[in-house]
Amino acid sequence: MPSSALPRGAHAVLVTSGHLRHLDPHNQAPPLLLANSLISAFSRAALPRLALPLLRRLLAGAHPLRPDGFTFPPLFRAAPGPSSAAQLHACALRLGLLHPSVFASGSLVHAYLRFGRVAEAYRVFDEMPQRDVPAWNAMLSGLCRNARAGDAVALFGRMVVEGLAGDAVTLSSVMPMCALLGDRALALVMHVYAVKHGLGGELFVCNALIDVYGKLGMLEQARWVFDAMALRDLVTWNSIISAYEQGGKVAAAVELFHGMKECGVNPDVLTLVSLASAVAQCGDGRGAKSVHCYVMRRGWDAGDIIAGNAMVDMYAKLSEIEAAQRVLENVPARDVVSWNTLITGYMQNGLFNEAIKTYNHMQKHESLKPVQGMFVSVLPAYSNLDLYAKCGKLAEAMLLFELMSRRSTGTWNAIIAGLGVHGHGAKALDLFSQMQQEGIEPDHVTFVSLLAACSHAGLVDRGRDCFHSMQTVYGIVPIAKHYACMVDMFGRAGQLDEALEFIQGMPIKPDSAVWGALLGACRIHGNVEMGKLASQNLYELDPENVGYYVLMSNMYAKMGKWDGVDTVRSLVRRQNLQKTPGWSSMEVKGSVSVFYSGTQAEPHPQHEEIQRELQDLLAKMKSLGYVPDYSFVLQDVEQDEKEQILSNHSERLAIAFGIINTPPRTPLHVYKNLRVCGDCHNATKYISKITDREIIVRDSNRFHHFKDGHCSCGDFW
DNA sequence: TTAGGGTTAG
C-alpha cells in the first residue's frame, strides 16, 4: 500500500510510533523528506500538537535523523506560543540550521512577531547574513501587526536605501501604516512607489490603497484606484464601500453595494457592517430593516459577533432602542463591545436610566468587567456635554459615578467640576469630603474645580477655607488659576474691594485671568472705576485681546458714559486690533459643524437657509421686545450694519443651523471658543422662548442653559 | 510527496 493512500491520521500514528522507516517499503522517498512533508502538512492544518512531537521523534526516536533546512519553517509557523518559538529557535541554532537558511530565519521572524516579540524578531532579522524580500516582508508585516507604524515605515525606508525593491506583499503590508499615522503624503508616495515598481495593478496593492485612501478621507483617490482596476474581489468592494460610508457619502456607499451584487460578488459580514452604518447615518429606518433581514437570512446575527454588534449600533443610532435591545439579546456571545454599543446608544438618546440599568444588568448577569476606561471616558465627556445639557440629569451622572468601580483623582475632579458648573457648590464640597474619606489625593485641578464651584454658588466662606486648606493640609502652592477663582468668587458676591485687596496681596504677579475675573465682576456690578484699573492691567498683559475692550465699552455704554465708549473705540482703532476669530460648533446627528463669525470666504452649504432663519427669528424677537445692544459692536459702522454683525455672530449661526436641522424642541448644544457676547446672550433667551427649545451654550467661561426665555447663569448683561 | 511574507472589521 503506497503511503500516499494512507489517511493523514495514519501517517501521524506511524511516524510518532517510530515506524517511519517501515511506512512503505516501495516508497523511494528518503525518510527525512517524508517527515518534513508531514510536519508541513500538520502545521498548515494548524495542528501544532501533531507537528511538534514529530521533531522530538526525529531527534530522539529509535532511528534518529538530522533535520535539515526544510524542517524548521513549518515548525515555527505551528508554534503555539512565544516560549515554544524560543525553544525551536534554540534547537535550530544548536543544529546549525538557522542562519544558513534564509527561509528558516524569515519564518522565525514571523513567528516571534505573531506573539508580539518585536525585540526577538529584530535580533534574528539583524543577525541574518543576507535577507531576501520575504524576510523583509515578514519583519515589516509583523511590525505593522504590532502597531509599530513608525518602526515599519523606517524599516521600509531602510529597505529602499539598501536598494532592494519591494514587491506587492511589501506594499500591502506597509500601506495600512499610512492610515495609522494619518499621513496622506506618505500614502501618495507609496502609491507612486507601487506604480514605479510595476505593482499598480496588483489586486492586494489596490485593495490596500483604496482602504488607506478611504481612511484618510481621500475619496477621490480611492475612487480613482477602484475605477482603474481590471479585476476586483470582495475586499475591493468592501474597501470602497467602507471608504464612502466612513466619508459620510452614504448614498454612494449604498449604490456601490448594489453595483457589487450586479457584478456577481457576494457580500460578506464586513459589507453589511458598512451598509448598516450607512443606513443608520442617513436615518433610513426601512433600509435598516432590510439590512437586518439580509444579515438574519444568513444567520450572521446569531453567529457573528461583529455583525450582531453592528446591528445593535445601527438601531441605537436610529434611536430604535428597543430593536437594538432585542438584537443584543439574541447575540449569543455578547462581549463588552456589544454592551458598550447599547449603553452608548441609550446615552445618545438621553435614556440615562436605561443606560445605568443596562450597565448594572451587564455586571450582574454577564460577569463582564467593563473595559477599564469605559465609564471613566464616558463620565468626563458627560460632565462637559450631556451632563451639562440636562441639568435635571445630574442625578443620573452622579449614579454613573457611584457605579464606577475604580475612581481616580481625575474622575473625582470631573464630577466635582460637573457639579460646580451647575451651581451645586454644596454638593461639590460634600463630594470633596467623600473623596478625602476614601483617601483619594486631591491635586491642584481638584481645587480649581472646588473654588469655581464655591464661586458659582456664592459660597465665599467655604471657598476661603478651601483655599487655605489646600495650602496647609495638602501643601499645594496656588497657581494663578486658583487666585483667579478666588477673585471671581469675591467679585460675583459683590465684594469688589475684597477682590482688589486679594489681588494686591498676591505673592505672584496677577495674570490676565485674575484681572479678567475682576473686570467681569466690575461689569456685573457696574463699577466703572475699578473696571478701568482692571482693564488697564489687561491692556498691558494681553494687549491683543479685544474681549476686554468690548467689556469696557459695554460697561461705559450701560452707564451712559458715551465718551468712555469713544475712548475705548479709538484705542482699538489706533492699535489696529484684530478680534480673535470667534467660532462656534454644533453637533447634529453625530457630525460636528463649525461656524465662524461674520462673512466667510467659503460660506456654509446651508448659508442661505441659515440667513433666512436668522431674519425670521430677528423679526419674532423684536415683536417680543428684543432690542439689539450695539455696545457689543466695536466697529464704527451704520446701525443696520451693526445689527447684521450681531446676528452673524458664530453662536447665532450655529443655533440657526441647529434649528433647521433637528426636529422641533430638540435641545441644542453649542460650544463657543470665546465668551458669549451680551447681545447674543440676550438674543438666545428670546430664541429659546420662540422655538420652545433648551439651548445649552458652553463658552470659554461657563455653561449657559437657556430655557423658556431665561438663562441659568443668572448674570445680567 | 518539503519552505517563509500580504489587503477590509463591530
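Proteins come first, then strands; the chains are lettered A, B, ... in the order of their sequence lines, and each starts at number 1. If you're wondering where the values come from, they're calculated on a predicted model, not measured in any experiment.
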So, does A:Arg145 get its side chain near the phosphate of B:dG6, meaning an N or O under 4.0 Å from OP1 or OP2?
yes
Return the value, rounded to whole Å, for the distance between atom CZ of A:Phe226 and atom P of B:dT8.
17 Å
Can you tell me which nucleotide in B:dG4, B:dT8, B:dT7 comes closest to the side chain of A:Asn207?
B:dT7
Without decimals, in angstroms, what is the distance between A:Glu245 CD and B:dA9 P?
11 Å
Are A:Trp136 and A:Phe125, when compared by the centres of their aromatic rings, separated by less than 6.0 Å?
yes
Between C1' on B:dG6 and CE on A:Met159, what's the gap in Å once rounded to a whole number?
13 Å
Would the distance check show the side chain of A:Asp211 and the main-chain N or O of A:Asn207 forming a donor-acceptor pair, the cut-off being under 3.5 Å?
no
Ring centroids only, cut at 6.0 angstrom: are A:Phe226 and A:Trp237 within range, meaning strictly under it?
yes
Rounded distance (Å) that lies between atom C1' of B:dG4 and atom CG of A:Asn36
14 Å
Report yes or no: does A:Arg77 contribute a side-chain atom to a donor-acceptor pair with the main-chain N or O of A:Ser107 at less than 3.5 Å?
no
Grab the CG-C1' distance between A:Leu180 and B:dA9 for me, whole Å please.
14 Å
Contact class for A:Val102 vs. all strands (heavy atom < 4.0 Å): base, sugar-phosphate, or nothing?
base
Round to a whole Å and report the spacing from CG of A:Asp211 to P of B:dG6.
16 Å
Output the rounded distance in Å from CG (A:Leu113) to P (B:dG6).
10 Å
Base of B:dG6 paired with side chain of A:Ser172 (donor-acceptor, under 3.5 Å)
yes
Using atom CG of A:Leu275 as one end and atom P of B:dA9 as the other, report the distance to the nearest whole Å.
16 Å
Any donor-acceptor pair under 3.5 Å between the side chain of A:Asp132 and the base of B:dG4?
yes
Touch class at under 4.0 angstrom, heavy-atom based, for A:Val212 against every strand present:
nothing
Should A:Phe204 be counted as stacked on B:dT7, where stacking needs a ring-centre gap under 5.5 Å and an angle between planes under 30 degrees?
yes
May I ask you to verify if any side-chain N or O of A:Lys215 is less than 4.0 angstrom from the OP1 or OP2 atom of B:dA9?
yes
By the 4.0 Å heavy-atom rule, please label A:Arg114 as base, sugar-phosphate, or nothing.
nothing
